[in-house]
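Worksheet: one structure, shown below.
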Amino acid sequence: MIDNHNREINYLRISITDRCNLRCVYCMPKDGVSFLGHEDILSYEEILRIVDAAVKTGIIKIRVTGGEPLVRRGITDFLSSLKKVEGLRDISLTTNGILLEDYAEEIFDAGIKRINVSLDSLSPDRYRDITRGGDISRVIRGISKAHDTGFSPIKINVVAIKGFNDNEIIDFAKLTIDKPYQIRFIEFMPVGNSAMENSMGYLSNDEVLKGINSFSPLEPVVPTRRDRTDGPACLYTMKDAMGKIGFISAMSHEFCSSCNRLRLTADGHLRACLLSDEPTVDLKTPLRNGCSNSELGALIENLISRKPGSHKINQQQAHRRKCVTNMSSIGG
Ligand code: SAM
Ligand code: SF4
């Protein structure tokens, strides 16, 4: 469906759980996170009904995320069912990689070939600090296993933070020299009530790009058809490198005019904008009250028609949060 700002809305991100086996400082507060109960989260059957209805409104692409999607039991069967939904052209997964070594083959066999793994530091100690306890060796083994299993592309998400991992930017870029990975630098976004504001600094992707350019000049990648439908990353490559480097600059270079996404939270709310809690629509209640697929479709279309043209937040206004929901509930 085309929205009121002439954007084709064809991409749905689904958070299948708000739970996570890590506690990244920019995503969750240290303590006091209350997670949804079993009854409150959508069952896989309910998610599949929403997907069926969403496909009829024009959704062709899905990303499964969380919280950490691999901690939810039954994910592989769910992915297999998703794969069978007619009309979907692309299904992918975002994970923190902690359980990836165990799940890579199952997920691949379920038909998912594209995966994003979050990794914000290459130093074991720093990784442990930012994730509040994570073991980087598991993530590294998970990425290798995904590579050996045949996932392609493998994208590695890095939230670049001043004074924390900015001295590792070149090391991340170097990973693309002999591996076909796409390293994607993501600007910190003011979402939810993480500890980030008080302890660390926002870093614009212009600064990240400048840093890499001073090491090795970056050449823009002419987007393939797939890259074009792939989202907001601006892609570059270092000379003779196998992989690519992407920049997702939601704060410094707003890309709302090409935003094609909706987001389904684990508790069944469909959101029109990542950075704003409004507008949303509750799909769980009507689903549980027995609504039909066409009624579901009408609710989705109504939300699309209310999707805002822009989030209108820049870094200077970041304190005026329009989104108090944590990223772990929305799915990124
Ligand atoms: N747990 C999985 C993971 O970490 O990949 C999937 C969910 S996580 C919410 C999805 C993405 O959102 C991750 O790449 C994470 O780094 C990013 N993220 C979380 N909070 C963020 C924030 N405040 N600003 C920018 N990116 C954020
Ligand atoms: Fe968990 Fe992902 Fe949030 Fe980190 S970014 S706390 S891994 S949901």
Side-chain angles (χ1 to χ4, degrees), residues 1-16 42 46-66 82-83 85-94 112 114 116 155 184 186 189 191 223-234 246 248-251 253-284 286-287 291-313 322-323 325 327 329-332:
M1 174 174 164
I2 308 287
D3 77 357
N4 290 335
H5 304 277
N6 210 23
R7 300 169 297 196
E8 186 177 352
I9 308 304
N10 55 17
Y11 179 15
L12 174 64
R13 297 175 65 102
I14 303 175
S15 171
I16 60 167
L42 292 176
E46 288 168 332
I47 297 175
L48 288 166
R49 276 205 56 201
I50 292 173
V51 169
D52 266 330
V55 165
K56 298 208 169 59
T57 74
I59 296 294
I60 53 173
K61 177 175 168 177
I62 296 232
R63 176 168 296 277
V64 176
T65 171
L82 206 50
K83 197 66 198 159
V85 175
E86 253 175 65
L88 284 181
R89 290 202 210 139
D90 183 29
I91 304 171
S92 54
L93 180 84
T94 298
I112 310 303
R114 286 155 45 74
N116 289 18
K155 299 183 184 176
R184 293 148 36 107
I186 301 176
M189 289 175 266
V191 168
T224 60
R225 250 182 95 211
R226 157 141 278 162
D227 291 333
R228 277 199 295 272
T229 58
D230 221 20
C234 294
I248 302 180
S249 314
M251 301 308 293
H253 299 272
E254 183 191 286
F255 38 74
C256 303
S257 64
S258 58
C259 178
N260 59 350
R261 308 167 174 210
L262 299 175
R263 293 177 163 83
L264 181 64
T265 61
D267 67 351
H269 285 80
L270 192 64
R271 297 172 62 99
C273 175
L274 169 62
L275 290 172
S276 173
D277 285 329
E278 287 297 331
T280 64
V281 60
D282 170 15
L283 298 181
K284 183 175 67 181
L287 253 180
C291 77
S292 66
N293 277 10
S294 62
E295 284 165 332
L296 262 184
L299 290 169
I300 297 170
E301 285 181 0
N302 180 275
L303 182 78
I304 294 175
S305 72
R306 292 184 289 133
K307 189 171 158 71
S310 152
H311 61 64
K312 294 197 182 70
I313 299 175
K322 290 177 168 178
C323 173
T325 313
M327 195 71 109
S329 306
I330 306 170

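Index from 1, following the sequence. Quick caveat, the model's predicted, so the values are computed rather than measured.
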(Q) Taking side-chain contact (heavy atoms from CB on, under 4.5 Å) as the definition, give me every residue that meets it alongside S294, ordered by chain and number, with sequence neighbours left out. (A) S292
Q: Determine the minimum heavy-atom distance between H5 and G309, stating which atoms define it.
A: NE2-N, 3.3 Å
Q: Not counting sequence neighbours, which residues clear side-chain contact (heavy atoms from CB on, under 4.5 Å) with T265? List them please.
A: D267, H269, R271
Q) Does the pair E86 and V55 meet the rule for a side chain to side chain contact (heavy atoms under 4.5 Å, CB included), with working shown? A) CA-CA 8 Å; E86 253 175 65; V55 165; over 6 Å; no
**Q.** Exam field: side chain S276 to backbone C273, donor-acceptor pair closer than 3.5 Å
**A.** no
Q. For the side chain of R13 and the backbone of L262, is there at least one donor-acceptor N/O pair under 3.5 Å apart?
A. no
(Q) Once rounded to the nearest 0.5 Å, what's the spacing between atom CG of N260 and atom CD1 of I2? (A) 11.0 Å
**Q.** Residues that R263 engages under salt bridge (charged side-chain N to carboxylate O under 4.0 Å, His left out), provided they are two or more places apart
**A.** none
Q: Nearest 0.5 Å please: distance from the OG atom of S249 over to the CD1 atom of I186.
A: 10.0 Å
(Q) With side chain to side chain contact (heavy atoms under 4.5 Å, CB included) as the criterion, how do L283 and L42 come out once you've worked through the C-alpha distance, each side chain's angles and the decisive distance to 0.1 Å? (A) CA-CA 10 Å; L283 298 181; L42 292 176; over 6 Å; no
**Q.** Sub-4.5 Å side-chain heavy-atom contact between S310 and C259
**A.** no
**Q.** Donor-acceptor pair, side chain of R89 and main chain of I60, under 3.5 angstrom
**A.** no
Q. In chain order, what residues pass the salt bridge (charged side-chain N to carboxylate O under 4.0 Å, His left out) check against E46, with sequence neighbours excluded?
A. R288
Q: Find the distance between CD1 (I9) and CD1 (I59) and round it off to the nearest 0.5 Å.
A: 7.5 Å
**Q.** Flag side-chain contact, heavy atom, 4.5 Å: V191 against T325
**A.** no
Q.
Could you tell me if the side chain of T65 sits less than 4.5 Å from the side chain of I14, heavy atoms only?
A. no
(Q) Between K307 (side chain only) and R261 (backbone N and O only), is there a donor and an acceptor less than 3.5 Å apart? (A) yes
Q: Any chance you could measure K56, atom NZ, to L296, atom CG, to the nearest 0.5 Å?
A: 10.5 Å
Q) Does a side-chain heavy-atom distance below 4.5 Å link N293 with R49? A) yes
**Q.** Straight-line distance of S15 OG to L264 CG, nearest 0.5 Å
**A.** 8.0 Å
Below 3.5 Å, can you tabulate the donor-acceptor pairs from side chains in residues 297-305 to any protein atom, sequence neighbours excluded?
residue : atom : partner : partner atom : Å
N302    : OD1  : R306    : NE           : 2.9
N302    : OD1  : R306    : NH2          : 3.4
S305    : OG   : N302    : O            : 2.6

**Q.** Pairing residues for D3 by the salt bridge (charged side-chain N to carboxylate O under 4.0 Å, His left out) criterion, not counting sequence neighbours
**A.** R7
**Q.** Full working for side chain to side chain contact (heavy atoms under 4.5 Å, CB included) between V85 and I91
**A.** CA-CA 10 Å; V85 175; I91 304 171; over 6 Å; no
Q. When rounded to the nearest 0.5 angstrom, what is the spacing between CG in L275 and CE in M327?
A. 7.0 Å
Q: Would you check, one step at a time, whether the test side chain to side chain contact (heavy atoms under 4.5 Å, CB included) holds for N116 with R63?
A: CA-CA 10 Å; N116 289 18; R63 176 168 296 277; 3.3 Å; yes
(Q) Any heavy-atom pair between the side chains of D90 and I62 that's under 4.5 Å? (A) no
